[in-house]
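Some notes on the structure that comes next.
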Number of protein chains: 2
Amino acid sequence: MPQNPDLLFRTLADPTRRGIFEQLCRRGEQTVAALTAHAGVSQPAVSKHLAALKQAGLVRDRPEGRQTHYSAQPKALAPLADWTQQMASFWDGRFDALEDLLKRMDQ
Amino acid sequence: MPQNPDLLFRTLADPTRRGIFEQLCRRGEQTVAALTAHAGVSQPAVSKHLAALKQAGLVRDRPEGRQTHYSAQPKALAPLADWTQQMASFWDGRFDALEDLLKRMDQ
DNA sequence: TAGAATCATAACCGATCAGTTATGAATCAA
DNA sequence: TTGATTCATAACTGATCGGTTATGATTCTA
């Protein structure tokens with residue numbers, strides 16, 4: 001259930017792609033044409049970014065006639081939030097006796 | 001103060017580099033040699049990853065004689081947590097009248 | 001002082017990837 | 001039905017990047 005955040009990080013690493021996702025979070029469902037108008041890149045580039053976002057589960061598509069409507073799925077960000085939380089908690093517990101022992105054994 | 005998370009996302013996108021950061025969060029301060037033992041790549045590769053992590057503010061280095069001790073700076077994850085939170089909140093407010101209006105005006 | 005140990009940097013290589021243009025497939029409108 | 005619209009895919013390109021080996025700089029030790 002705690003799926004690894006690798007694909008999420010890779011997908012969100014590109015600023016253009018992250019911008020498209022942000023746009024969808026801010027304004028809700030939009031067509032490819034509307035997203036292209038704000039993306040600053042060509043329509044095929046936007047389509048490819050949307051395919052990547054979809055693969056990562058970050059967006060959903062809803063075909064309707066000629067156009068395809070995309071919407072954000074912020075729930076997919078959960079593993080990323082979990083990972084961040086976990087790193088912070090590891091750090092909080094860093095001075096536990098066991099952790100300290102493991103550290104000393106290691107180097 | 002709400003600095004953009006671009007460098008953070010790019011830095012954490014690589015699994016090897018993220019693994020090194022995780023190791024530092026779990027076990028605390030470690031030398032380059034200790035990190036290399038777990039990284040599965042060569043020592044120069046680890047040094048380059050550490051340089052990238054340092055540039056992103058995610059780690060601190062403490063030179064001591066021949067060896068350099070590195071430690072995680074999980075505080076640097078704050079912009080990432082903020083961004084995630086913001087995306088979720090945008091989505092929560094998606095059906096506000098103004099947001100809805102903007103959406104309609106846009107396409 | 002000579003050699004070993006630790007880390008960083010240089011130089012290079014192959015793979016990945018984000019962008020482009022061209023084109024195809026599907027749908028709507030005149 | 002013909003042409004326009006909307007989107008996706010194919011094919012290609014240049015840049016980025018993570019990995020390697022080789023080497024240098026520094027520090028400890030025998």
**Request:** Tell me, please, which residues at least two apart from A/Arg60 pass salt bridge (charged side-chain N to carboxylate O under 4.0 Å, His left out).
**Result:** none
**Message:** Rounded to whole Å, please give me the gap between CD in B/Gln30 and P in C/dT6.
**Reply:** 15 Å
**Request:** Starting from C1' on C/dA8, measure out to CG on B/Leu50 and report it in whole angstrom.
**Result:** 11 Å
**Message:** Can you measure A/Gln67 atom CD to D/dT5 atom C1' for me and round it to whole angstrom units?
**Reply:** 10 Å
**Complete:** B/S/- along nucleotides 17-23 of chain D (protein heavy atoms under 4.0 Å) is SSBBBB-
**Asked** Which listed nucleotide (C/dC7, D/dT6, D/dA8) is nearest to the side chain of A/Ser47?
**Response** D/dA8
**Asked** With a 4.5 Å limit on heavy-atom distance, are the side chains of B/Phe21 and B/Leu77 in contact?
**Response** yes
**Message:** Listing request: all salt bridge (Lys or Arg N to Asp or Glu O under 4.0 Å) pairs with a residue in residues 32-42 of chain B, at least two apart in sequence or in separate chains.
**Reply:** none
**Asked** A/Phe9: what forms a ring-ring contact (aromatic ring centres under 6.0 Å, His included) with it, not counting sequence neighbours?
**Response** A/Trp83
**Item:** By side chain to side chain donor-acceptor pair (under 3.5 Å) - contacts of B/Gln43 (at least two apart)
**Value:** B/Ser47
**Prompt:** Does a side-chain N or O from B/Tyr70 land closer than 4.0 Å to OP1 or OP2 of C/dT6, or not?
**Reply:** no
**Rounded distance (Å) that lies between atom P of D/dT6 and atom CZ of A/Arg62** = 16 Å
Pairs under 3.5 angstrom, nitrogen or oxygen only, protein versus nucleotides 25-29 of chain C, please.
from: C/dC28; atom 1: O4'; to: A/Arg66; atom 2: NE; distance (Å): 3.4

**Request:** Among residues two or more places apart or on two chains, list those pairs meeting salt bridge (Lys or Arg N to Asp or Glu O under 4.0 Å) that have a residue in residues 32-54 of chain A.
**Result:** A/Lys54-A/Asp61
**Asked** What's the CG-P distance between B/Leu7 and D/dT16, to the nearest Å?
**Response** 16 Å
**Prompt:** What salt bridge (Lys or Arg N to Asp or Glu O under 4.0 Å) pairs are there with at least one residue in residues 6-16 of chain B, not counting sequence neighbours?
**Reply:** A/Arg18-B/Asp6, B/Asp6-B/Arg10
**Message:** B/Arg62: which residues meet the side chain to side chain donor-acceptor pair (under 3.5 Å) condition with it, sequence neighbours left out?
**Reply:** B/Glu29
